[in-house]
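Within every chain, numbering begins at 1; the chains are lettered A, B, ... in the order of the sequence lines, protein sequences first and strands thereafter.
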Protein chains: 2
Amino acid sequence: MKLAEAKQQFISSWGAFGTQWGINRTMAQIHALLLVSTEALTQDDIMEQLSISRGNVNMNIRDLIGWGLVDRVIVAGERKEYFTAEKDIWKVATQIIRERKKRELDPMIKLLAQLENVEGDKKDKEVQQFTEMVGKIKKLGKQADKTLDLFIKADENWFTSSLLKMIK
Amino acid sequence: MKLAEAKQQFISSWGAFGTQWGINRTMAQIHALLLVSTEALTQDDIMEQLSISRGNVNMNIRDLIGWGLVDRVIVAGERKEYFTAEKDIWKVATQIIRERKKRELDPMIKLLAQLENVEGDKKDKEVQQFTEMVGKIKKLGKQADKTLDLFIKADENWFTSSLLKMIK
DNA sequence: ATTATCTTTCATTATTTTTTGAAAATTCAG
DNA sequence: CTGAATTTTCAAAAAATAATGAAAGATAAT
């Protein structure tokens with residue numbers, strides 16, 4: 001397989017995987033394109049390479065910036081904006097985890113905490129089972145939350161912990 | 001909040017969260033409904049409670065069975081099929097992980113392995129960067145794969161490991 | 001073997017999500 | 001300040017996804 005073909009394959013597949021994970025196909029493709037681009041790209045570059053409209057590029061790029069996965073790059077003497085993706089794949093992973101945790105896991109735990117306070121007879125079997133189920137899911141959610149925090153922190157402390165290992 | 005209202009809220013929110021994770025809203029809602037139902041339900045029960053069509057229930061129920069999250073229940077002397085959800089939330093979690101791993105992570109790693117073998121000059125900077133990026137992502141994918149396996153195994157060994165702790 | 005009950009399928013319809021592209025807004029050089 | 005270059009917005013169109021419901025297919029009781 002040639003390089004150009006491989007890149008194309010990577011971009012298209014990344015888009016398909018994204019879709020399965022509730023991520024807009026185009027957003028995933030733009031991210032993939034920037035991941036395998038040596039240089040920073042303009043909106044026009046992206047439009048051309050993915051055959052998509054200006055508005056589409058603009059919206060998805062801003063989303064990616066909101067996810068902390070893409071940065072604007074200022075090129076001296078150029079009017080246009082350039083965009084580049086974080087290339088450290090470990091940072092990419094922790095950033096995605098950080099964001100999904102904030103946007104989805106945290107609100108879910110909050111909701112479950114509310115639902116646990118259902119009114120009614122604590123001896124009512126229906127009430128009991130519901131509260132128990134909600135409580136268990138909340139507990140699992142909190143465990144996941146903690147585990148993911150450790151994961152994220154592991155990254156932040158990577159340098160420190162490497163140093164520590166050298167000293168010990 | 002009353003029980004009925006809380007259940008409704010749970011089902012509707014579960015559907016919304018599902019959507020964010022690339023899971024069909026209705027499928028998530030049926031799963032939620034079964035999770036908080038004391039008794040097994042028929043297709044008609046589900047149709048009524050969620051106000052959806054028979055065909056919709058049927059397809060999504062079969063999907064949920066395919067995911068290993070819902071079981072058919074045979075009730076003696078009854079013609080109709082009943083359905084019930086696995087209530088052990090830890091098992092639910094590991095089952096979802098097991099399936100998504102199989103359906104998504106494994107194929108992704110396979111693809112990346114292929115893309116690593118791009119033809120061309122190994123000294124070409126473009127080729128180098130692409131191969132490196134793909135390799136890094138594959139490595140991360142494999143790490144995730146291992147970690148998730150541990151997670152799944154932890155469950156299977158839960159009883160064993162509890163026993164071990166007691167003996168020690 | 002016939003009938004009644006229940007399940008499954010799938011072409012059609014409806015809904016949701018994504019994309020487009022032109023207009024508006026912004027930015028900056030001169 | 002003016003105007004050209006660039007970015008952003010958003011109503012409308014297109015595409016993708018999901019839901020409906022009637023017909024066909026099973027299944028089991030009589």
Side-chain angles (χ1 to χ4, degrees), chain A residues 11-34 39-67 70-84 103-104, chain B residues 11-34 39-67 70-84 103-104:
Chain A
I11 291 167
S12 132
S13 304
W14 209 243
F17 283 120
T19 300
Q20 292 186 298
W21 281 90
I23 288 150
N24 176 294
R25 188 196 308 300
T26 303
M27 185 169 140
Q29 288 187 349
I30 293 176
H31 188 216
L33 172 61
L34 289 174
E39 312 293 335
L41 303 180
T42 64
Q43 290 201 354
D44 291 85
D45 294 333
I46 298 169
M47 283 169 66
E48 196 194 344
Q49 296 213 38
L50 301 181
S51 309
I52 56 181
S53 72
R54 180 176 307 286
N56 200 1
V57 170
N58 190 273
M59 289 177 126
N60 284 111
I61 275 280
R62 273 186 309 115
D63 254 353
L64 283 164
I65 292 173
W67 277 81
V70 165
D71 288 319
R72 282 174 216 275
V73 175
I74 311 271
V75 175
E78 284 265 15
R79 182 75 180 276
K80 282 184 182 171
E81 289 181 329
Y82 284 76
F83 301 95
T84 186
R103 297 174 188 211
E104 295 152 22
Chain B
I11 290 166
S12 131
S13 304
W14 209 245
F17 283 120
T19 300
Q20 291 186 297
W21 281 89
I23 289 151
N24 177 292
R25 189 197 305 302
T26 302
M27 185 170 140
Q29 287 187 350
I30 294 177
H31 188 216
L33 172 62
L34 289 174
E39 311 293 336
L41 303 181
T42 63
Q43 290 202 352
D44 291 85
D45 293 333
I46 298 169
M47 284 170 67
E48 195 193 345
Q49 295 214 40
L50 301 181
S51 310
I52 57 181
S53 73
R54 180 175 307 285
N56 199 2
V57 171
N58 190 273
M59 289 179 125
N60 284 111
I61 275 280
R62 273 187 309 115
D63 253 354
L64 283 165
I65 292 173
W67 277 80
V70 165
D71 289 320
R72 282 175 216 274
V73 175
I74 311 271
V75 175
E78 285 264 14
R79 184 74 181 278
K80 281 182 184 169
E81 288 182 330
Y82 284 74
F83 300 95
T84 187
R103 298 173 187 211
E104 295 152 21

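Counting to the nearest Å, the C1' atom of C/dC6 and the CD1 atom of B/Ile61 are 15 Å from each other. Following rounding to the nearest Å, B/Asp44 (CG) and C/dC6 (P) show an atom-to-atom distance of 8 Å. Summarising the geometry, the separation between CG on A/Asn60 and P on C/dT20 is reported as 10 Å, rounded to the nearest angstrom. With rounding to whole Å, A/Arg62 atom CZ is found 13 Å from C/dA25 atom C1'. Taking atom CD on A/Glu81 and atom P on C/dC28, their separation rounds to 9 Å, with Å as the unit. Between the CD1 atom of A/Ile74 and the P atom of D/dT7 there is a distance of 10 Å, given to the nearest Å. Look at CD1 on B/Ile46: it is 12 Å from P on C/dT8, rounded to the nearest Å. Spacing between atom CD1 of B/Ile23 and atom C1' of D/dA18 amounts to 15 Å, rounded to whole angstrom units.
Of the residues in residues 24-31 of chain A, those placing a heavy atom less than 4.0 Å from an atom of DNA chain C are A/Asn24, A/Thr26, in numerical order.
When every heavy atom of A/Ala28 is checked against every heavy atom of A/Gly18, the shortest pair comes out as CB-CA, 4.3 Å. In terms of heavy atoms, A/Glu104 sits closest to B/Phe17 at O-CE2, 3.5 Å. Summarising the geometry of B/Thr84 relative to B/Ala40, their closest heavy-atom pair is CB-CB, 4.1 Å, with the distance given to 0.1 Å.
An angle of 20°, rounded to 10°, separates the two end axes of the helix from C/dA1-D/dT30 to C/dG30-D/dC1, each defined over five pairs.
How far CD1 of A/Ile52 is from CE of A/Met59: 12.0 Å, rounded to the nearest 0.5 Å. To the nearest 0.5 Å, the span separating CD on A/Gln43 from CG on A/Asn60 amounts to 11.0 Å.
Contact annotation: the side chain of B/His31 never approaches that of B/Trp67 to less than 4.5 Å [non-hydrogen atoms, C-beta and beyond]. At a threshold of 4.5 Å between non-hydrogen side-chain atoms, the residues B/Asp44 and B/Lys80 count as touching. Counting heavy atoms from C-beta outward, B/Phe83 and B/Ile65 have side chains that approach closer than 4.5 Å.
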Any protein N or O atoms within reach of nucleotides 21-30 of chain D? Criterion: under 3.5 Å, listing atom names and distances.
{"residue": "D/dT27", "atom": "O2", "partner": "B/Arg79", "partner atom": "NH2", "Å": "2.2"}

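Along DNA chain D, the nucleotide nearest to A/Arg72 and the one nearest to B/Ser51 differ in position, and the one closer to the 5' end is contacted by A/Arg72. Nearest-nucleotide positions on DNA chain D place A/Lys80 closer to the 5' end than the other of A/Lys80 and A/Thr19.
Around atom CD of B/Glu78, more than 12 heavy atoms belonging to other residues, nucleotides or ligands sit under 6.0 Å away.
Without hydrogens or angle criteria, B/Asp45 side chain to B/Thr42 main chain gives a donor-acceptor distance under 3.5 Å.
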### Task
Test B/Leu34 against B/Ile61 for side-chain contact (heavy atoms from CB on, under 4.5 Å), laying out the working first.
CA-CA 10 Å; B/Leu34 289 174; B/Ile61 275 280; 4.2 Å; yes

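Contact annotation: B/Asn58 side-chain N/O to C/dT8 OP1/OP2 distance is under 4.0 Å.
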